Undergrad: 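Have a look at this one before I ask anything.
Remember, it's 1-based here, ligands and their atoms both numbered in the order they're listed. Starting from 1, each residue takes its place in the sequence as its number. Quantities reported herein were computed from a predicted structural model and do not represent experimental measurements.
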Amino acid sequence: MCIFCKIVRDEIPSNRVHENDDFLAFHDINPKAPIHILIIPKAHTASFATADAKTLEGLSLFTQEVARLMGIDQSGYRVITNIGEDGGQEVAHLHYHLLGGAKLRFGHFTDANTKDNF
Ligand code: 5GP
Ligand code: ZN
């Protein structure tokens with residue numbers, strides 16, 4: 001079972017910020033911004049690339065809710081999802097990174113210099 005499925009089942013502890021029957025939001029263990037939350041469907045699905053429309057719709061609306069809860073919906077934020085090897089996906093369970101709480105630099109989450117990015 002993947003680590004995010006274990007987090008859903010509370011077999012690995014996490015710092016939860018919000019959840020409903022289908023989705024869960026918790027703090028990233030290695031934050032890259034003052035607010036860095038991972039948002040996942042509770043049912044395992046590998047990535048954005050293979051997720052169905054209902055999952056993506058629900059996950060996106062849930063992400064809006066979490067941004068409001070964290071008080072960053074007015075100041076702005078960034079949503080990222082990494083897909084596969086070239087996308088830098090480390091955990092093969094669909095997740096959105098919600099980043100905010102500061103003015104994010106372009107490339108804050110990836111390498112800064114576009115010339116060096118590929
Ligand atoms: P990816 O590279 O797959 O897009 O992102 C995986 C994210 O999961 C990383 O930002 C990493 O810090 C986070 N992460 C990995 N293991 C754990 C964990 O056990 N708990 C939490 N809260 N975050 C984790
Ligand atoms: Zn999983």
Undergrad: Provide the number and element of each atom of ligand 1 under 4.0 Å from a heavy atom of Asn82.
TA: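 Those atoms are 1 (P), 2 (O), 4 (O).
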Undergrad: What atoms of ligand 1 come within less than 4.0 Å of a heavy atom belonging to Phe4?
TA: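 Counting from 1, the qualifying ligand atoms are 8 (O).
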Undergrad: Nearest 0.5 Å, what's the CG-NE2 distance between Leu69 and His18?
TA: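 Interatomic distance, Leu69 CG to His18 NE2, rounded to 0.5 Å: 5.0 Å.
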Undergrad: Does ligand 1 have a heavy atom under 4.0 Å from the side chain of Ile80, from its backbone, from both, or from neither?
TA: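 The answer is neither; Ile80 stays 4.0 Å or more away.
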Undergrad: Would a 4.5 Å heavy-atom cut-off, applied to side chains only, mark His97 and Arg78 as touching?
TA: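 In short, these two side chains do not touch, never coming nearer than 4.5 Å.
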Undergrad: Report yes if some N/O of His36 lies less than 3.5 Å from some N/O of ligand 1; otherwise report no.
TA: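 N/O-N/O distance under 3.5 Å: no.
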Undergrad: At less than 4.0 angstrom from any non-hydrogen atom of His97, what atoms of ligand 1 do you find?
TA: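 Numbered from 1, ligand 1 contributes 1 (P), 4 (O), 5 (O), 7 (C), 10 (O).
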Undergrad: Would you name the N/O/S atom of His44 that lies closest to the Zn ion (ligand 2)?
TA: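 It is ND1, the N, O or S atom of His44 closest to the Zn ion (ligand 2).
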Undergrad: Are any of the N/O atoms in Ile3 less than 3.5 Å from those in ligand 1?
TA: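 No: no nitrogen or oxygen of Ile3 is under 3.5 Å from one in ligand 1.
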Undergrad: Looking only at distance, does Leu38 have an N or O less than 3.5 Å from an N or O of ligand 1?
TA: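 Leu38 vs ligand 1: no N/O contact under 3.5 Å.
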Undergrad: Would you say Thr81 contacts ligand 1, with heavy atoms under 4.0 Å as the rule?
TA: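 The answer is no: ligand 1 sits nowhere under 4.0 Å from a heavy atom of Thr81.
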Undergrad: Nearest to atom 10 (O) of ligand 1 by heavy atom, Asp28, Val91, Leu94, Ile83: which?
TA: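 When every heavy atom of Asp28, Val91, Leu94, Ile83 is considered, Asp28 comes closest to atom 10 (O) of ligand 1.
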Undergrad: Could you tell me whether Ser14 and ligand 1 have an N or O pair separated by under 3.5 Å?
TA: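 Between Ser14 and ligand 1 (N or O atoms, distance only) the closest approach is not under 3.5 Å.
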Undergrad: Does His95 come within less than 4.0 Å of ligand 1, judged by its heavy atoms?
TA: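 Within the 4.0 Å threshold, so yes.
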Undergrad: If the cut-off is 4.0 Å to any non-hydrogen atom of Gln89, which atoms of ligand 1 fall inside it?
TA: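 Under 4.0 Å from Gln89, ligand 1 has these atoms: 3 (O).
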Undergrad: Is the distance from the ring center of Phe4 to that of Phe26 below 6.0 Å?
TA: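 Centroid distance Phe4-Phe26: below 6.0 Å, so yes.
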Undergrad: Does an N or O from His27, backbone or side chain, lie closer than 3.5 Å to an N or O of ligand 1?
TA: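 The answer is yes, given that His27 and ligand 1 share an N or O pair closer than 3.5 Å.
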Undergrad: At what distance, to the nearest 0.5 angstrom, does CD1 of Ile37 lie from NE2 of His27?
TA: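 Answer for the CD1-NE2 pair, Ile37 versus His27, is 5.0 Å.
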Undergrad: Treating Glu11 as the side-chain partner and Lys6 as the backbone partner, does any N or O pair qualify as donor plus acceptor under 3.5 Å?
TA: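 Flag not set: sc Glu11 to bb Lys6 has no pair under 3.5 Å.
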Undergrad: Going by the order shown, which atoms of ligand 1 are within less than 4.0 Å of some heavy atom of Asn30?
TA: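 So the answer, numbered in order with elements, is 12 (O).
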Undergrad: Which of the atoms in ligand 1, numbered in the order shown and given with their element, are less than 4.0 Å from a heavy-atom of Phe26?
TA: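 This gives 21 (C), 22 (N) as the contact atoms.
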Undergrad: Please report the interatomic distance CG(Leu98) to CD(Gln64), rounded to the nearest 0.5 Å.
TA: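 Nearest 0.5 Å value for the CG-CD distance: 11.0 Å.
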Undergrad: For the atoms SG of Cys2 and ND1 of His93, give the angle they form at the Zn ion (ligand 2), rounded to 10 degrees.
TA: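 It rounds to 100°.
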Undergrad: Using 0.5 Å steps for rounding, measure from the OG1 atom of Thr63 to the CD atom of Glu65.
TA: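 One finds 9.5 Å between OG1 of Thr63 and CD of Glu65.
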Undergrad: Could you tell me the separation between the NE2 atom of His95 and the OG1 atom of Thr45, rounded to the nearest 0.5 Å?
TA: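 Between His95 NE2 and Thr45 OG1, I get 12.5 Å after rounding to 0.5 Å.
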Undergrad: If you define the side chain from C-beta out and look only at heavy atoms, does anything of Leu99 sit under 4.5 Å from Ile35?
TA: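 In short, these two side chains do not touch, never coming nearer than 4.5 Å.
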Undergrad: What distance separates Ile40 CD1 from Asp22 CG, expressed to the nearest 0.5 Å?
TA: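 Going from the CD1 atom of Ile40 to the CG atom of Asp22 covers 12.0 Å.
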Undergrad: Counting only N and O atoms by type, is there a donor-acceptor contact under 3.5 Å from the side chain of Ser47 to the main-chain atoms of Ala49?
TA: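 Here the side-chain-to-backbone pair exists.
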